[in-house]
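Take a look at the structure below.
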Amino acid sequence: MSQNVLLGVINVLLVLLLSPLLEGTIRKLKAFVHSRVGPPLYQPYLDLLKLLGKEEVECEGNALYRWSPVVAFAAVLGVALLTPMGLAPPLDSAGEVIVFVYLITLSGVAVMASGIGSGSPYGVVGSGREMMLILTVEPILAIALIAVAVKAGSMKLSDIVAYQLSHPYSLSMLLVTFSLFLAVLAQLAKLPFDIVEAETEIMEGPFVEQSGPRLALFKWSFYAKELIFASLLVTIFFPWPRIGTPALAILVNLVKVAIMLLLVGVIDSVNPRLRIDQAIRFYGALIFVAFAGLAFAIVGS
Amino acid sequence: MGALTCYGWALAFLLVGALVTFFAGLRTRRLGGLALMFAIPGCGLALLAAVSVFLRGTVSTDPLFTVPGIGAVLLVRLDPLSAFFLAIISVVCFLAILYSYRYMDIPWFADLSLAGYYAPFLLFTCATMTVVGMVDMFFFFIAWEFMTLSSYALVIFDRKRKERLRAGFKYFLIMHIATGLMFLGALVIYSFGKSFTFDGLRVTLQAMMETHPATVHFALICFFLGFATKAGVLPFGDWLPDAYPAAPSPAAAAFSGTMSKLGVYGLVRVFYEILPASNYSRTYGLVIALFGTLSIFVGTMTAMMQEDSKRLLSFHVIGQVGYMLLGVGLGVYFLPKEPNLALVALAAGLFHLLNNAIYKSSLFLNAGSIFYKAGTRNLNEIGGLSRLMPVTAATAVVASLSIAGIPPFNGFSSKWLLYECSVFGGARMPIFMGLGIIAIFISAVTLASFLKFFGASFFGKFRIPQAQAAKGDVPASMQVPQLVLSGLCVFLGLAPLLPLRLLYTSLLDIRPQLGVAGFAELFSGSVSSIRLSFGDGVVATWNPAWIALALLGFCLLAWGIMRSGGASRRTVPSWYCGEPHSDHETHFPAHGFYQPFKQFFRVRIGKYEWEGVYLSFKYPSIRLREDNWLTRLVSVDRWFFYPVVRGFYRLLVWFSGSHVGIPHVYLTWAIVGVLAAIALVFSLH
């Protein structure tokens, strides 16, 4: 019990304190690709600090609009408790892959509530896009995680990681990793799937009426999501090597996460934005890849 | 007082209430109050009976009455499964009647006699309660028929619009075909075993399975069709999206909370209790699960396209019933081989039924509240109602998140169990994996649809078609049912093991000889935490209390972080890039939601249009052409009456030619006539 609490504190602190640094790294990488100097690595921290002190300018939305950033932030931190980050997932006895998927959806719901609640047409359009992305991406997320769970014979993330550590890579895992990686791009709102916010088009969509500390919470929850999803991907699909020392395990995990996020950053900086219907079609095709992975997992290859 | 006494008195109160309200001759609220006076003891006693059965176990009467000749016996038995449904019915129907007290007061119903509403409503409550107590197919059908007829009266209550009468007729017709089929199924089995009781049917089926496989299949198909039609499973549930919106909102809430569920009750009784575990179970388990998933997919996808609040909810009734059928189908399928998995799946399906009864009734009441205030069901015409009715808005959000399966509300717990069952069932029979994935996908579609529902009605700019609405939320007697139901949503979300334990034991109670593991082995948890195992090791965990606690703690943390900078706050109008716009211009109607996604599911070929994935076309009206032989044959006027009448008329005209007006001619006629008469008389002799 006390060990779980310790693990939980470690995960939450990791997510809260290190995720802006990873975001800074991605920004630096993007600047490199664009042949710019780019902001310093600690720029996201400065952004958050600045936003936390700024005046909150709110429109006449309802309570859900006002509380949406808090819910989004809490949901993402809740997900952090379910995610293995080098060590065992802290709340393993309280939730498994399906709970994981639906808590992520809860943070999406908060984003949509912010957009719809603001009453701004930009916000509603952005929320509608978020919903459509969830509609197409969530099944892929679920299929991929279920495929791994079927191989491991258990839905618990700790069992899945343990199984993956002791078994070599297989065809089903290849397909599943591929589809999950692409699904994560949309979850993290990275190009070419940065459709919900689309700053140049609908002015950050759901966040158009959010400012000051509340915008800071939303931004922070997005940074946190990057770390969480990258961590999930690498611990489930690249768990090797097995490391005994906890501190070293966390460090190795972070290095793997950084590499994963750099890959995401490269894709983000060389791609244009897709339209929502193109994205739906893309994921509609991808879902068959995920299904193929699941089918292979069922037959055991 | 024993459970049966309570049950009997409850039925008596409701029946007498139905008669009294029908003949009382009171108007508006007074009649509602009178109905409540009967509903409170009726529903209260029924709930008491249910609780007593939960605590003390099954009770049954001696045969009260036997139909001579056919051997049907009137026998009341309340086992825990009946009690479970009895509890749902009593709570939902009572809340709906309480809600009606003020809801039926609106000017819309002013020129209709409310006796036509409350009397069938009480009768409906009484009939549904009777259905779950019957253990003899013959009397089961009598109660069932009373339920259908009283609900028909509720569907056509608001008869100002023609389409409602048409919906009522369709409902009446389809229901009777379905009931006829069920009765046929029962008769077929009866003809072999000469018994209508569930136990008798079970024994007969057991004997018939070896000797008459085709007959057994026929009877089972009849049962399946009948109950699936009542539950609203597609494609047999086509009546549902017409009939439910036609009934007043509280009645629709009661229908979706109780009547649709009794279809599932019937399926469980027939395929779990009556049908012995065999290869038939596997076939029909698969059939039930497949039709369930079809309903999930088609019903919910279609619901997403709807812009009429009650029609949207009606399609969700279809979709949600599919989830229950998925659970029941999984359970029936695995009954012979994997009883542990089977019982968990059945319990999951029934748990979803309980949850759905709660949040779906709440949603229908929410839609009623919107109608009460805004005077419309069209989601395009309203907006921003949360400012006017915060309580309704809050309950609608809770119910919507529950139905969409967002943790930690109750809908998630049951859907979670269903997903687990389909995944682990899928590992043994891969088709269930596909069905489970469809269910997961559709859960997101449900979320989309309800985001539209509460987003369009409660969020955004204030907008209402009536010139001005009365200030404040709906009256307290309408708020209380909504609050109670959303409170139940939260409570059952946090304590899922409580109903699951009841369901599991009640399922075991029906089939004690299955040889499955005990509740503690499969669910091994305390009040809140589920640690699911199907016999070998914990494979999945879900602890809503911890997750909710963590979320709450993180909410506080987030709030602390938000306030840490000491930022000041200012409220401004919405920003439209610096240009002034009227509210009308910036209104985002429900119609505009998810257009790109909807485009993928809209097909039109000729006069057939797939609305989403739901085939919607006008039923051809029968109109024969004038020169059709059938028309000519049928119109007796044309070939018999008119020719005869015309001939007679012509005869008269010709005869009137003799009327010349000259006395000599008349005299001549008279002499000729006399002579002819004399000649006739003489010739005869």
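In this text, all values refer to a predicted model and were calculated from it rather than measured experimentally. We name chains A, B, ... by the order of the sequence lines, and we start the count at 1 in each one.
L81(A) touches chain B through its side chain: at least one heavy atom from C-beta onward sits under 4.5 Å away, while N, CA, C and O do not. In this structure, no portion of L51(A) lies under 4.5 Å from any heavy atom of chain B. Neither the backbone nor the side chain of A216(A) comes within contact range of chain B, judged by heavy atoms closer than 4.5 Å. Of the two parts of K54(A), only the backbone, made up of N, CA, C and O, holds a non-hydrogen atom closer than 4.5 Å to a non-hydrogen atom of chain B. Interface remark: L217(A) contributes side-chain atoms only to the contact with chain B (heavy atom separation under 4.5 Å). In this structure, the portions of Y102(A) lying under 4.5 Å from any heavy atom of chain B include both its backbone and its side chain. Neither the backbone nor the side chain of I160(A) comes within contact range of chain B, judged by heavy atoms closer than 4.5 Å. For a residue to count as touching a neighbouring chain, one of its non-hydrogen atoms must lie under 4.5 Å from one of that chain's; by this rule L77(A) touches chain B with backbone and side chain alike. Heavy atoms of V76(A) lying under 4.5 Å from chain B are absent altogether. Neither the backbone nor the side chain of V101(A) comes within contact range of chain B; no heavy atoms are under 4.5 Å apart. Using a 4.5 Å cut-off between heavy atoms, F458(B) touches chain A through its backbone atoms (N, CA, C, O) alone.
Residues M433(B) and V150(A) are in side-chain contact: their nearest non-hydrogen atoms beyond the backbone lie under 4.5 Å apart.
The distance from the CZ atom of F424(B) to the CE atom of M155(A) is 5.5 Å, given to the nearest 0.5 Å. Here E56(A) contributes atom CD and M562(B) contributes atom CE; the two are 5.0 Å apart, rounded to the nearest 0.5 Å. Considering CD1 of I437(B) and CD1 of I146(A), their distance stands at 4.5 Å, rounded to 0.5 Å.
If you tally non-hydrogen atom pairs under 4.5 Å between each of I287(A), V57(A), L49(A), T136(A) and chain B, the highest count goes to V57(A). Of all the listed residues (I406(B), I438(B), V397(B), T571(B)), the one sharing the greatest number of non-hydrogen pairs under 4.5 Å with chain A is T571(B). Of the listed residues (P407(B), P430(B), G434(B), G455(B)), the one with the most heavy-atom contacts under 4.5 Å to chain A is P407(B). In terms of non-hydrogen atom pairs under 4.5 Å with chain B, the most contact-rich of A74(A), A142(A), G212(A), S120(A) is A74(A). If you tally non-hydrogen atom pairs under 4.5 Å between each of M132(A), R281(A), R214(A) and chain B, the highest count goes to M132(A). For chain B, the option among V124(A), D277(A), T105(A), L157(A) with the highest count of heavy-atom pairs below 4.5 Å is V124(A).
Partners of F193(A) by ring pair (Phe, Tyr, Trp, His ring centres under 6.0 Å), not counting sequence neighbours, listed by chain and number: F282(A), Y283(A).
For a heavy-atom cut-off of 4.5 Å, chain A lies close to F441(B), S443(B), A444(B), V445(B), L447(B), A448(B) in residues 441-449 of chain B.
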